[in-house]
Each structure stands twice: as structure tokens, then as C-alpha cells.
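I have placed the structure first, in the form of C-alpha cells, so that the comments after it can refer back to it.
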Amino acid sequence: MPSQPSLRPFDIAVALRLLLVPEERYEPLAEALVTSTSAVHRSVARLQLAGLCQPSSRTVARDALREFLLHGARYAFPAVHGPERTGLATAWTHPDVAALFSDGESPRALVWSSDRGTVRGESLVPLFPNIPAVAARDPRLHALLAMVDAGRAGTPRERGVVGEALGKWILRGGESE
């Protein structure tokens with residue numbers, strides 16, 4: 001009997017990268033995500049099976065991805081908090097995400113623990129181990145992954161603010177306003 005396939009946290013990064021660089025070939029996609037070509041190929045297959053990518057292509061199903069990130073990611077990949085560390089800003093600590101909060105109220109600082117970072121805050125286990133290296137290579141993807149973390153770790157208010165911005169970004173297909 002076959003086993004039940006399931007998405008992995010890494011698949012979120014693959015889908016977001018494919019929104020940034022539509023139909024990117026497997027080799028450059030793997031290089032951007034600091035992984036192997038075979039890992040990216042398996043990820044795209046899982047995204048297709050889940051309906052988050054179109055069948056037989058690397059085209060993201062934007063409506064489905066939006067729905068999953070806004071309503072399912074925090075349940076499928078719950079935020080795991082750790083001790084205070086120095087690292088890379090994530091969630092509302094990332095400057096692009098912090099700009100969404102106009103009231104100036106700054107929630108607790110969250111970071112991905114890393115020697116590459118300079119921000120001190122409560123650590124958040126990243127969706128996949130290579131996030132610090134990926135974030136260093138691609139600031140746009142760093143900001144998007146930080147938005148996903150805000151949705152995974154935030155209060156209902158924080159999830160609402162970030163979810164609206166992320167949802168609009170996804171539906172535009174990753175294009176700037």
C-alpha cells in the first residue's frame with residue numbers, strides 16, 4: 001500500500017521562490033535555495049500533488065498557495081520557539097514586515113538563530129535548516145519567509161495584518177505594487 005505524501009516546510013520556500021522567479025529551472029532553483037536539484041524536484045512534485053503548483057509545470061497556483069499560507073501553514077508547520085539568541089530577523093522583526101505595523105507597537109523580537117545575524121531576540125526554529133544562507137542570498141525571499149513566520153507565530157491581529165499584505169502579494173503573482 002502506498003504511503004500518504006505530505007508537504008514539507010521547505011516546500012513553502014520553493015513555492016515562494018517560484019513566484020519570485022516563475023518557471024525557474026531546477027538547477028538555479030536549487031542553487032538559490034542552497035539544496036540539491038533532486039530535493040527541489042521532489043518539492044515541486046509535492047506542490048503539484050497538493051494543488052499548490054499546476055500539474056506538469058512549475059507554475060504556482062496562486063489562489064491555493066494564498067489559502068494555504070493564510071489558513072493552513074500555522075497548523076501544518078507550527079511555530080517552535082526557543083531561547084533568546086542572536087540571528088537574522090524574522091516575522092515582524094524583519095524591517096519589511098515591521099513596516100506593516102503603523103501603530104509603532106513592536107511585538108517581541110523573533111530571530112532565526114545564526115552567526116550571520118546581528119539582531120537579538122527570541123529564537124524561532126526556521127522552516128528548514130538553510131534559511132539563513134537562503135536569506136543572505138535573496139533579500140526578497142527573506143522578507144516573504146519572515147511574513148510566513150509572522151503568520152505562523154503571531155497573534156490574531158499580527159496574522160491579520162501580515163496575512164492581508166502577503167495575500168495581496170501572492171495574488172499579484174509576486175509583482176511589486
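When a residue number appears, it is its place in the shown sequence, counting from 1.
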Salt bridge flag under 4.0 Å for residues D11 and R8: no

T93 and V97, any side-chain heavy atoms less than 4.5 Å apart: no

Other cluster members, Y75 - Ile/Leu/Val/Met/Phe/Trp/Tyr, side-chain contacts below 4.5 Å: none

Qualifying ring pair (Phe, Tyr, Trp, His ring centres under 6.0 Å) pairs, either residue in residues 45-64, two or more places apart: none

side-chain contact (heavy atoms from CB on, under 4.5 Å) evaluation trace for R140 with L144: CA-CA 6 Å; R140 297 176 308 160; L144 291 171; 5.5 Å; no

Single hit among L69, T90, L70 for side chain to side chain contact (heavy atoms under 4.5 Å, CB included) with V148: L69

Results of side-chain contact (heavy atoms from CB on, under 4.5 Å) for T118 - residues two or more places apart only: none

Any pair counted as ring pair (Phe, Tyr, Trp, His ring centres under 6.0 Å), so long as it reaches residues 134-158, sequence neighbours left out: H94-H142, W112-H142

R66 side, atom CZ; D63 side, atom CG - distance, nearest 0.5 Å: 7.5 Å

Qualifying salt bridge (charged side-chain N to carboxylate O under 4.0 Å, His left out) pairs with a residue from residues 126-137, counting only residues at least two apart or across chains: none

Exercise: identify the closest heavy-atom pair between F77 and R152: O-NE, 2.7 Å

Those residues that, when tested against R159, pass salt bridge (charged side-chain N to carboxylate O under 4.0 Å, His left out) (two or more places apart): none

Set of side-chain hydrogen bond (donor to acceptor under 3.5 Å, both in side chains) partners for E31, sequence neighbours left out: none

Partner set under side-chain contact (heavy atoms from CB on, under 4.5 Å) for A165, not counting sequence neighbours: L100, M147

S57 OG to Q48 CD distance, which is reported to the nearest 0.5 Å: 6.5 Å

Polar side-chain atom of E67 near backbone of A64 as donor-acceptor pair, under 3.5 Å: no

Closest contact, heavy atoms only, A30 versus V40: CA-CG2, 3.5 Å

Those residues that, when tested against R120, pass side-chain hydrogen bond (donor to acceptor under 3.5 Å, both in side chains) (two or more places apart): E84, T86

Side-chain touch V162/W92, heavy atoms, less than 4.5 angstrom: no

What donor-acceptor contacts under 3.5 angstrom involve side-chain atoms of residues 122-135, with partners at least two apart or in another chain?
{"unit_1": "E122", "atom_1": "OE2", "unit_2": "H81", "atom_2": "ND1", "d": "2.9"}
{"unit_1": "S123", "atom_1": "OG", "unit_2": "P83", "atom_2": "O", "d": "2.7"}
{"unit_1": "N130", "atom_1": "ND2", "unit_2": "V34", "atom_2": "O", "d": "2.6"}

Identified side chain to side chain contact (heavy atoms under 4.5 Å, CB included) partner of F68 from the options I170, L47, L52: L52

Q54, CD: over 12 other non-hydrogen atoms inside 6.0 angstrom: yes

Gap separating the NE2 atom of H41 from the OG atom of S38, nearest 0.5 angstrom: 9.5 Å

Closest contact, heavy atoms only, A136 versus R116: CB-NH1, 3.6 Å

Apart from V111 itself, residues in the same hydrophobic cluster as defined by side-chain heavy atoms under 4.5 Å: V119

Could you list the donor-acceptor pairs under 3.5 angstrom formed between side-chain atoms of residues 12-26 and any protein atom two or more places apart in sequence or on another chain?
{"unit_1": "R17", "atom_1": "NE", "unit_2": "E24", "atom_2": "OE1", "d": "2.9"}
{"unit_1": "R17", "atom_1": "NH1", "unit_2": "D138", "atom_2": "OD2", "d": "2.6"}
{"unit_1": "R17", "atom_1": "NH2", "unit_2": "E24", "atom_2": "OE2", "d": "3.0"}
{"unit_1": "E23", "atom_1": "OE2", "unit_2": "R58", "atom_2": "N", "d": "3.2"}
{"unit_1": "E23", "atom_1": "OE2", "unit_2": "T59", "atom_2": "N", "d": "3.1"}
{"unit_1": "E23", "atom_1": "OE2", "unit_2": "T59", "atom_2": "OG1", "d": "2.4"}

Spacing of L7 atom CG and S43 atom OG [to the nearest 0.5 Å]: 8.0 Å

